Amino acid sequence: MSAPAPRERTSIARLVGLDLFRAVAVFGMLVAHVGPAAWTPGEGFGTVHVHWEFFHSRMPAMFAFAAGLSLNLGRRRKAGTVQPAIVPTLIRAALIAVCGVALTLLSTPVVVILLSFAVWFVLVLPFRRLGVRVLLVVAGVWTVAGPLVSLLARRAIDLPGNLAWEALVAGDYPALTWMPFVLAGLAVGRMDLSSRRVRMNLAVAGGVLLGVGYGLSALLLARGVGARIMDGLAPVEGMDATQQFARLFFKERGVTDTGSWLWLLVPAPHSGSWADVIGCLGVCALLLAVLLPLGDAARWADGAEGRAKKMVGVAVASIAPLGAMVLSVYAAHIIAMAAITAATGHSFRGAQSVFTLAAFTVALLIFAWAWLHRFRRGPLEWFLGWASALIERTGRRVSAGWSRRSRP
């Protein structure tokens, strides 16, 4: 009797839960760009709008984590082993950078993350041959070392306006503190995400990271870390120490304040502190563990018994397209912001209304659903794939031509 065939590992390209993960990240992006405020200043610590603050500060980390996941789609099999597609990755990084520059030139208030994507894709290349366990170790070491090196480097050197310095150390998405998300995503994307055990391990790891990142930092704040930071702040006219601390806490500028090393222990959103990076990694792992089985419910939309199951399946199938063509959706919302500004003069600076957030969300959902109902890939995803393949073929032809010319 022949041995049973091994169970086929589900490709990450076929997991609807990953599209849901990216869709949540897209919604968080919309909250940050065209939604209500996460925090409003006032007496004492001001007012924290927790339901919005969650989306403001964690979704960029989900984008970076999803970027690492997507890199597993660019791996090629050669001689029985899996090899990273280096040249296509470099080409894709360059094309994404061009898209990022084009969107930046539209002069919206959005800090375009695509330029950082291009940098991350290049920096991660030396690690793409590593196995899952080694990648997780590297991500863990980078999580500890990156924020500390960033703080020390920014204390010693100030290079305002230097593009390389901004991309690697001091910008809104500097590689020193954002690469752990990409590396962790790369490692997780190589796991069998259809496995119940893997999903459970992700949930447990996410819970532990949340406890360390946010729970431990909350305990440290309660034990006087925040007070010690406030004691070291220079007086500002019209503001007490608590208000100064709150403004620095919610500044969301991508890096910690350099006034005290204790900022590394503070879970300030989008700050690149130890607490922020570890906590956001926990959010990514836990949300992915929850959304993967929910994504499996998409098959309930057709042929499933029970009205409730069908409704869940239809809901999942309706939301998932937002994450299936995330690059096109990202570009579309910036283009829409620029068009509205040009037509009405509305700048989108500062907090926006819930109505504005709902209008953008519904419009992008309809756009994504309608497009994918007719085409297999989003317009920008298709263009990048086509352009990347064209450049790679042209490069091979030119290389072959020079090779023939150089022969005696």
Side-chain angles (χ1 to χ4, degrees), residues 11-34 55 59-60 62-74 88-89 91-93 95-100 102-103 106 108 110 112-118 120-121 185 189 193 287-288 291-292 294-299 301 313-339 357-390:
S11 166
I12 67 170
R14 297 201 304 269
L15 289 170
V16 179
L18 293 178
D19 292 333
L20 286 178
F21 182 85
R22 289 186 285 259
V24 172
V26 167
F27 179 72
M29 168 199 72
L30 292 175
V31 171
H33 296 167
V34 295
F55 290 105
M59 298 310 105
M62 289 182 66
F63 269 109
F65 189 85
L69 288 168
S70 68
L71 287 172
N72 290 286
L73 299 175
T89 298
I91 295 172
R92 189 173 184 82
L95 291 171
I96 288 176
V98 170
C99 291
L103 293 175
L106 294 177
T108 65
V110 176
V112 179
I113 199 173
L114 296 185
L115 294 170
S116 297
F117 267 50
W120 301 338
F121 284 179
L193 296 179
L287 267 179
L288 184 61
L291 293 174
L292 282 171
L294 188 60
D296 295 342
R299 66 178 181 272
V314 170
V316 169
S318 300
I319 297 170
L322 200 63
M325 47 183 280
V326 63
L327 189 58
S328 296
V329 167
Y330 180 83
H333 101 280
I334 295 178
I335 294 170
M337 291 172 67
L357 172 63
F360 267 80
T361 303
V362 172
L364 289 173
L365 273 170
I366 294 173
F367 164 61
W369 181 87
W371 185 276
L372 291 180
H373 187 71
R374 177 66 178 84
F375 303 101
R376 189 169 60 89
R377 290 188 293 175
L380 201 50
E381 285 80 3
W382 173 85
F383 173 77
L384 287 181
W386 172 82
S388 178
L390 177 63

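Computed from a predicted model, the values in this text were never measured in an experiment.
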Exercise: identify the closest heavy-atom pair between L69 and G185: CD2-O, 3.3 Å
Can you measure from CZ (F27) to CZ (F55) and round to the nearest 0.5 angstrom? 5.0 Å
Taking C-beta and beyond as the side chain, do H33 and H333 meet within less than 4.5 Å on heavy atoms? yes
Would you name the heavy atoms of A368 and V329 that are closest together and state the gap between them? CB-CG2, 4.3 Å
Approximate separation, where rounding is to 0.5 Å, of L115 CG and L103 CG: 9.0 Å
Please find the pair of heavy atoms, one from G189 and one from N72, that lie closest to each other, and give the distance. CA-ND2, 3.4 Å
Classify the ring geometry of W369 against H373: parallel below 30°, tilted from 30° to 60°, perpendicular beyond 60°. parallel
Once rounded to the nearest 0.5 Å, what's the spacing between atom OG of S70 and atom CZ of R92? 7.0 Å
Measure up the F383 and W386 rings against each other and bin them: parallel (under 30°), tilted (30 to 60°), perpendicular (over 60°). tilted
S328 side chain vs L380 backbone, donor-acceptor pair below 3.5 Å: yes
Measure the shortest side-chain to side-chain distance between L327 and L114 over non-hydrogen atoms and say whether it is less than 4.5 angstrom. yes
Min side-chain heavy-atom separation L291-V24 under 4.5 Å: yes
Atom OH of Y330 and atom CG of L30: how far apart are they, to the nearest 0.5 Å? 11.0 Å
CZ on F375 to CD on E381, rounded to 0.5 Å: 13.0 Å
Please work out whether the ring planes of F65 and F21 are parallel, tilted or perpendicular, with thresholds of 30° and 60°. tilted
Locate the shortest heavy-atom distance separating A25 from M62; write the atom from each residue and the value. CB-CB, 3.9 Å
Any side-chain heavy-atom pair from L384 and C99 closer than 4.5 angstrom? yes
Between M325 and G378 the two heavy atoms that sit nearest each other are CB-CA, 3.8 Å
Is there a side-chain contact between L292 and L18 in this structure, where contact means two heavy atoms from C-beta onward sitting under 4.5 Å apart? yes
Is any side-chain heavy atom of S388 less than 4.5 Å from a side-chain heavy atom of L95? yes
Say you draw a straight line from CG of L106 to CE of M337; how long is it, rounded to the nearest 0.5 Å? 10.0 Å
With heavy-atom distances below 4.5 Å as the criterion, would you say the side chains of S116 and F121 are in contact? no
For I96 and A118, work out which heavy atoms get closest and say how close. CG2-N, 4.4 Å
